[in-house]
Amino acid sequence: MPIERYNPADAEARWQKIWDQRGIFTTKNDDPRKKYYVLEMFPYPSGRIHMGHVRNYTMGDVVARVKRAMGFNVLHPMGWDAFGMPAENAAMERKVHPKAWTYDNIAAMKKQLKSMGLSLDWSREIATCDPAYYKHQQKMFLDFLRVGLVEREKRKVNWDPVDQTVLANEQVIDGRGWRSGALVEQREMNQWVFKITKYSQELLDALDTLDRWPEKVRLMQKNWIGRSEGLLVRFALDPKTTPNGESELEVFTTRPDTLFGAKFMALAPDHPLASAAAKNNAALAEFITACKHTGTAQELIDKADKLGFDTGMKAVHPFDPSWKIPVYVANFILMDYGTGAIFGCPAHDQRDLDFVNKYGLGNTPVVCPPDQDPKRFVITDTAYDGDGRMINSRFLDGMSIAQAKEEVARRLEEESRGNRPVAQRRVNFRLRDWGISRQRYWGCPIPVIHCAKCGVVPVPEKDLPVTLPEDVTFDRPGNPLDHHPTWKNVACPQCGGAARRETDTMDTFVDSSWYFERFTDPWITTAPTDRPMVDAWMPVNQYIGGIEHAILHLLYSRFFTRAMKATGHVGLEEPFAGLFTQGMVVHETYRRSNGEWAAPAEVKIESNGDARHATLLTTGEAIAIGAIEKMSKSKRNTVDPDDIIKEYGADVARWFMLSDSPPERDVEWTERGVQGAWRFSQRLWRLVGEAAEIAKLAPAERPDQFGPAALGLRKATHRALNRVTDDIEKLHFNVCVAHIYEFANTLNGVIGDVGSDGGTEAAPDLAWAMREAVNVLVQLFHPMMPHLAEECWAALGHDTLVAQAPWPQVERALLVEDTVTLPVQINGKKRAEATVARNAGSAEIEAAVLALDAVKKALDGKAPKKVIIVPQRIVNVVA
RNA sequence: GCGGGCGUGGCGGAAUUGGUAGACGCGCGGGAUUUAGGUUCCCGUGACGAAAGUCGUGGGGGUUCGAGCCCCUCCGCCCGCACCA
């Protein structure tokens with residue numbers, strides 16, 4: 001009977017409708033089964049999905065479908081990270097309201113996502129721009145404010161002159177705004193900050209507990225938090241040399257052992273003491289201004305010389321009152337790290353050495369490398385930062401670095417007794433508090449009111465949410481909320497007097513720092529979370545998204561969850577038990593001779609032999625095939641998922657996204673690859689049809705005995721099942737795909753054998769094994785190609801849905817063979833094989849091996865020196 | 001500069017974690033079916049060699065009966081951080 005082609009366009013829509021109508025992916029919170037929460041990073045509603053989304057959501061969907069089949073109550077929701085700049089840009093460029101633009105985009109993308117056949121619970125859909133969502137965010141802001149996790153600070157901030165907004169440190173990349181790409185400027189502004197630094201140590205320590213996170217991400221966060229241990233040392237200043245008689249200067253150092261190598265002190269250009277000194281020193285003031293103008297861009301920092309200005313101030317060495325040290329202002333000292341001041345030990349720090357060599361201050365080595373003579377050891381232009389013994393350091397001489405550090409700390413602390421401390425041990429972090437104020441319209445309003453009389457007054461909870469006004473204009477730069485004629489004018493909740501609303505909105509990373517907790521019960525109106533539910537579902541068992549969020553989103557979410565715990569909204573610290581970061585989707589680039597990029601859809605590729613060449617479809621001109629790069633609008637090397645789904649169906653797109661490359665690595669999208677996936681999907685359909693013909697002959701009852709052919713098929717079935725199950729658990733989707741191919745090939749071979757057998761009918765035992773095999777096959781590819789799987793499942797005569805079928809059980813007994821074929825090595829090279837009983841003993845195996853012709857030949861009558869036998873693995877004969 | 005990762009056929013990649021290197025796919029070559037093909041099926045495909053065989057996981061060295069995997073060293077590519085005291 002001829003089997004018709006599988007038509008994805010027809011079948012996919014049909015099955016999606018059935019899933020939808022039966023509501024099979026709607027998750028019930030009161031379902032008593034064990035819970036499993038799988039989540040992909042929710043998208044920004046840009047208007048269209050891209051291949052990266054297809055890859056991301058397909059991976060999550062495979063996990064969700066498999067876990068569901070395994071009997072878990074699976075939560076697999078979707079939502080929208082809906083606030084942000086692009087909506088305002090659209091408003092400025094196209095005169096559409098950000099809200100309308102955003103919701104239109106959501107509608108369009110939702111339709112696209114639905115066409116992918118994802119097993120999502122859409123009843124929990126969230127958009128962060130919905131007041132029903134951000135109302136709770138405002139409530140939590142006020143909670144955090146109350147417990148001191150939110151503060152208002154005058155801060156030097158990163159100002160993006162293009163977007164006209166403030167950026168967090170994490171959002172500045174190579175001195176440029178992460179979104180606009182504009183060079184960032186430094187400005188002093190009043191800012192709302194989240195006190196993430198209160199959790200520095202905890203966020204660092206807990207990284208060790210995240211054993212299902214990629215090592216790389218944990219390391220990046222560790223470096224970002226940047227813990228260092230050192231000593232806070234208070235140097236005395238000669239008050240005669242300071243502008244207002246200041247008498248001390250505090251520095252942070254991780255190398256107190258090098259104190260006797262000190263040659264200078266250096267202040268950050270914006271250090272208060274530097275500013276004070278500049279008041280009556282015009283040249284210094286000029287130097288400081290010049291420092292501030294040096295950009296923060298990478299190449300500028302690399303090229304910038306170590307520059308300094310001698311203030312004339314003198315510091316006193318803490319161990320020698322007669323030892324005076326000059327105080328400089330230097331361009332390489334950062335005000336926001338440590339105390340904004342250092343002591344410089346040039347012999348053992350390259351920057352300090354460059355500095356003294358420029359200003360002729362000299363150096364004294366105080367650590368001598370083990371292989372050097374202390375009397376002759378000198379430093380010229382390379383600082384020594386290795387291990388060694390202390391020299392030229394009075395009471396420290398001969399000590400190790402560690403001993404010297406300890407001794408310096410001990411002596412200085414002792415001196416401090418009764419007085420202000422001269423030194424304190426101190427742990428310092430690189431992590432800064434998270435500034436969340438943004439001078440933007442399309443974000444969550446910060447729920448506070450500024451009153452001239454009462455100061456900062458929180459908006460009373462009964463007045464939440466503070467909603468965004470819709471009648472705003474985008475005809476000039478800056479914050480539309482500031483320009484709004486009436487919105488900001490309110491009565492002070494405390495005194496009733498005229499007051500002004502905060503017009504800054506929150507960084508959109510706040511919105512995405514708790515959406516996963518909201519998904520556990522998005523219906524509750526009285527609180528951000530329903531405690532029993534959020535505690536039952538959290539943490540997310542498997543979170544999947546791009547590596548680009550390794551620091552920003554993932555660190556903020558870890559902080560936010562802790563802050564929510566502190567204010568009673570959740571009961572845990574770590575939101576994501578398992579994290580997987582997937583690679584990018586990349587594509588060849590095409591370039592015309594005039595330098596313009598051509599899109600894949602505009603190019604025709606031909607190959608003769610190994611050579612491939614490209615021409616432009618419209619003009620026939622030759623096109624240069626360029627590097628394989630991340631799909632991007634600027635290089636025009638994108639492929640639209642919509643086009644692929646229309647042409648090949650969602651299953652083919654999903655299958656291809658999982659094939660070939662390991663999920664954490666980049667995957668190259670190629671036309672050849674998609675066609676391979678297409679051919680395989682059609683092949684599966686035919687194969688299932690043919691197998692179904694044989695399976696029809698199967699007896700209802702499981703036969704007692706299986707002949708060799710049937711047994712062989714059953715073994716192949718359970719081996720495939722075991723491997724695929726295993727590799728899905730490890731998220732090795734590309735290996736799953738390979739195993740499914742292999743199993744399909746095996747099945748194909750068996751069908752071929754039956755068919756060639758003069759057309760006789762398959763024996764009942766083989767028919768039964770075939771029915772088992774084909775059912776397992778369909779279940780195995782169901783998570784990847786769910787529509788085709790439903791179509792096949794129905795063709796096999798089931799009146800249930802494969803999406804609701806329980807995962808098949810592996811029969812362990814079928815995984816072990818009665819006999820094993822052992823490779824036989826002679827001196828480590830494979831020379832022969834020996835087939836023995838699986839449980840054969842060493843003596844038996846050795847006898848069998850020594851009887852082999854190849855072994856006899858190699859031994860040439862002599863006894864082997866040694867025979868190594870690894871049962872069920874390998875034999876090695878040492879001649 | 002600091003930290004991390006990677007290097008396997010023409011290509012993407014497998015390899016039970018020290019035990020038959022190259023599974024599976026793509027590409028390529030050959031054959032069959034077809035009026036036709038984004039068709040299907042079969043065979044071959046690491047290199048050298050007529051064959052027996054020899055070589056082979058970036059280069060060199062080591063440990064081991066046995067190394068893609070462990071150790072040392074060198075080379076190359078990629079990613080993250082970056083004047084952090």
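Computed from heavy atoms alone, side chains included, the values below leave out hydrogens, waters and symmetry copies. Here is the naming used below: chain letters follow the sequence lines, and residue numbers restart at 1 for every chain.
Listed by first and then second residue, the side-chain hydrogen bond (donor to acceptor under 3.5 Å, both in side chains) pairs involving residues 648-657 of chain A are A:D61-A:R654, A:Y648-A:E671, A:D651-A:H787 (not counting sequence neighbours).
Of the listed nucleotides (B:U40, B:A14, B:C81), B:U40 has the atom at the smallest distance from the side chain of A:R679. Between B:G19, B:A23, B:A85, one nucleotide has an atom nearer to the side chain of A:I342 than all others, and that is B:A85. Distances from the side chain of A:L219 to the nucleotides B:G25, B:G4, B:G19 place B:G4 closest. With B:G38, B:C84, B:C41 as the candidates, the nucleotide lying closest to the side chain of A:R686 is B:C41. The side chain of A:E742 lies closest to B:A23 when the candidates are B:A23, B:A85, B:U16. Distance from the side chain of A:F252 is smallest to B:A85 among B:A85, B:U20, B:G38.
Legend: residues meeting ring pair (Phe, Tyr, Trp, His ring centres under 6.0 Å) with A:F260, ordered by chain and number and at least two apart, are A:H317, A:F319, A:F395. Not a single salt bridge (charged side-chain N to carboxylate O under 4.0 Å, His left out) links A:D385 to another residue, sequence neighbours left out. Looking at residues two or more places apart in sequence or on another chain, you find a side chain to side chain contact (heavy atoms under 4.5 Å, CB included) between A:T670 and A:F656, A:E668, A:R672.
Side-chain contact check for A:R227 and A:Q201: at least one donor-acceptor pair (N or O, by modelled atom type) lies under 3.5 Å. A side-chain donor-acceptor contact under 3.5 Å links A:S228 and A:Y337. Using modelled atom types, one finds no donor on one side chain facing an acceptor on the other under 3.5 Å when comparing A:Q582 with A:R665. Counting only N and O atoms by type, the side chains of A:T197 and A:D433 include a donor and acceptor under 3.5 Å apart.
Across residues 652-664 of chain A, A:D660, A:S661, A:P662 each have a non-hydrogen atom less than 4.0 Å from an atom of RNA chain B (numbered order).
At most 12 non-hydrogen atoms from other residues, nucleotides or ligands lie less than 6.0 angstrom from CZ of A:R426.
For B:A82, the OP1/OP2 oxygens have a side-chain nitrogen or oxygen of A:R430 closer than 4.0 Å. One finds no side-chain N or O of A:Y741 lying less than 4.0 angstrom from the OP1 or OP2 phosphate oxygen of B:G25. Residue A:K866 has a polar side-chain atom (N or O) positioned under 4.0 Å from OP1 or OP2 of B:C65. Contact annotation: A:R5 side-chain N/O to B:U39 OP1/OP2 distance is not under 4.0 Å.
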Return one dot-bracket line describing RNA chain B 5' to 3' (Watson-Crick or G-U wobble pairs, both distances under 3.5 Å; ( ) same strand, [ ] crossing, | another strand, . none).
(((((((..(((......[....)))((((((.......))))))(((....)))..(((((..]....))))))))))))....
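Put simply, CH2 on A:W678 is 12 Å from C1' on B:U39, counting in whole angstrom units.
Between the side chain of A:R873 and the base of B:U16, a donor-acceptor pair under 3.5 Å is found.
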